[in-house]
Every structure is written in structure tokens, then in C-alpha cells.
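Contents: one structure, followed by commentary.
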Amino acid sequence: MSARVGVVGWPVAHSRSPAIFAHWFAHYGIEATYEVIPVSPDDAERFFADFAGSPYRGVNVTIPHKTTAFAHVKADAAASAMGAVNTLWRDGTVICGTSSDGDGFLASLDQGAPGWDDHAGPAVILGAGGAARSIVHALVAKGRPVIVANRSADKANALAVASGAKAIALAHLGDALAEASVFVNATSLGMEGEPPLTVDLSPMQANTVVADIVYVPLETPLLAQAKAKGLRPVDGLGMLLHQATVGFERWFGLFPAVDDTLRQMVAATL
Ligand code: NAP
């Protein structure tokens, strides 16, 4: 029987995951369906509590259910650090969960800016929301020095305490950029319909990396500035694609490629 997997969220119709998985199913000859599974906040507790009895081999979990799902799974280290999961799979009768955004982000840097970690300087992360937290935890777990700044300073401070990163005030961002190996926009600024991110990248050293996790548009004003200044831009599509490899590998036992064909196919939908 064809395996059933999918993405659980509310709303979830906009998800690019079905297109990503359809590409891999065709490429690897896997008979499976990837479904969009809308679950309302009122039904989420019951959905995840009963997941073992569901027809799904595994699911991705997106907003607003990542913390609800976390309470019903055996969480790995990445998920425990976050208190949230985005990928569920079965290990016998046990439902396991991880949070793959952080490692997905690191894989996007490895692919988009090989050798980025040869520079010993800190990774400077702007933002302290869900995505920033996963990125900071993944970088710290990799042994990298990390600096966090955020509009709401209390959230940056809390993230620093929880992760072992260092928090700074926004006013000191320019100083931090001067020594940074990589600067990451992990806020929603620059996304279509949101205000642009206005950060001057002039203090950054030549050839250092500027990553934006916003992927609509693919080239944000921040990345355009990075390109114009001779820095190394990395867009947010890589993170989106690489975080999906984790579920595929858990459910089907093989690690799928994130190649140009996949990138171009998904980019065309943005
Ligand atoms: P979130 O939890 O709501 O966090 C939003 C972050 O943006 C917070 O740090 C917030 O600061 C900051 N922010 C929002 N509006 C701001 C403004 N006007 N000025 C300054 N800071 C502002 O959201 P999230 O889930 O982390 O997602 C953030 C972005 O990442 C979204 O655009 C999302 O689409 C993108 N994303 C991309 C991927 C990918 O795979 N590429 C994955 C996940 C998310 P405060 O704390 O001060 O509110």
C-alpha cells in the first residue's frame, strides 16, 4: 500500500512541501502521497495524542502546532532545545520528533557558501522568534560563537541564556558585524508585504556571508546589498528545502538531494 505522509498546520494550503516531496517521489521512484492536513487549533491536541492510530507514516508540523505536537512525542536533542517539533516519525510503536529548521539552515550555508565556517568570527543573528531560535541552537550545538540581537531585547536575552549565545543591543549591531563570519536575518523584515530590513552591511569583512531566511522574494533588499558589496549572499530557499530532507530520510530511508532542478522548480512557485 502507498505510504501516506503530509504536513499538519492551520492554515496550511500555502505550503510548498507537497511540491518538494512530489519531486523526490518521482525522482526516487517512491510510491507515496504527501497530503496537506489542515488541523484547527481546537483539534490539534487530539490529533497528536491519537497520532499513533493515524494512517500516516510521519508528518511535518507547521504553524501553529509545533509546540502542541512536541508534548506528544519522544523528542530528540534539537527538538528538546526548542520545545517544538516540525517532523514526526514512527520508531516501532513510539512517535518521535525533531526540529529540522536549524540543521536545514546549516546545510543551506554549507551548500550556498562552502567554507563559511573557516572564518572564526561569530555568527550574528538578527531575530529571536521561532526560526531564530532553531538557527541559534544549531550554531551553538556546532560549537560556533553566536551573537543575537532583536527588536524586543528581552527575547534576545532569554534566547542567549537558553542557548549559550551572547545577546547584544541593536545599537551595537554594527560593531558585531565588523567581526562576523556570517550575518543572518531571521526576522520577517524584507518579506513581501513587510517593511524592508535596513541594516548597513559596510562594516562586514570582504567575502563574509549574509544569509536571509526570508524567501519571498528570493532576493531580498538585504541580499541585493550584500551582493553589491562583494559579500556572499545565501537566500532562504535553501533552508526550506534542506529542512525537508530530514522527514524524507526518516520516512523512506534515503537522503534526498537538494539540487538545482528542485531549487528552480520551487523558486518558480514563489
Ligand atoms: P516569529 O516567531 O514571529 O519571529 C519574528 C521575528 O521577527 C522576531 O524576532 C520579531 O521581533 C521580528 N520582527 C517582526 N517584525 C519586526 C519589525 N517590524 N521590526 C523588527 N523586528 C521585527 O517568526 P519566525 O517563525 O521566526 O519567522 C521569521 C521569518 O522567517 C518569516 O519571514 C518566515 O517566513 C521565515 N522563515 C523561513 C524559513 C525557511 O525555511 N527559509 C523557516 C522558518 C521561517 P520581536 O521579537 O521584537 O517581535
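Just follow the structure's listing: the first ligand is 1, and inside any ligand the first atom is 1.
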I need the atoms of ligand 1 closer than 4.0 Å to a non-hydrogen atom of Gly127, numbered in the order shown. 9 (O)

Please indicate, with yes or no, if any protein heavy atom is found under 4.0 Å from atom 33 (C) of ligand 1? no

Quick one: look at Ser188 and ligand 1, take heavy-atom pairs under 4.0 Å, and tell me if it's side chain, backbone, both or neither. both

Same cluster for Val140 and Val182 if Ile/Leu/Val/Met/Phe/Trp/Tyr side chains link at under 4.5 Å? yes

Is ligand 1 under 4.0 Å from a heavy atom in the side chain of Leu237, in the backbone, in both, or in neither? neither

Please confirm whether Lys155 approaches ligand 1 to less than 4.0 Å, judged on its heavy atoms. yes

For ligand 1, note which part of Met191 has a heavy atom under 4.0 Å away: side chain, backbone, both or neither. side chain

Is any heavy atom of the protein nearer than 4.0 Å to atom 3 (O) of ligand 1? no

Proximity flag Ala128 to ligand 1, non-hydrogen atoms under 4.0 Å: yes

Please list, in number order, the atoms of ligand 1 under 4.0 Å from a heavy atom of Gly130. 2 (O), 26 (O)

Pair listing, side chain to side chain donor-acceptor pair (under 3.5 Å) test, anchored in residues 152-173, at least two apart: none

From Phe248, Tyr56, Phe252, residue fulfilling side chain to side chain contact (heavy atoms under 4.5 Å, CB included) relative to Val5: Phe252

Does atom 23 (O) of ligand 1 have a protein non-hydrogen atom under 4.0 Å from it? no

Checking heavy atoms under 4.0 Å, the part of Thr187 that sits near ligand 1 is both

For Gln225, run the side chain to side chain contact (heavy atoms under 4.5 Å, CB included) check against Val210, Leu231, Val199, Asp200 and tell me which one passes. Asp200

Backbone or side chain, does any N or O of Tyr215 fall under 3.5 Å from an N or O of ligand 1? no

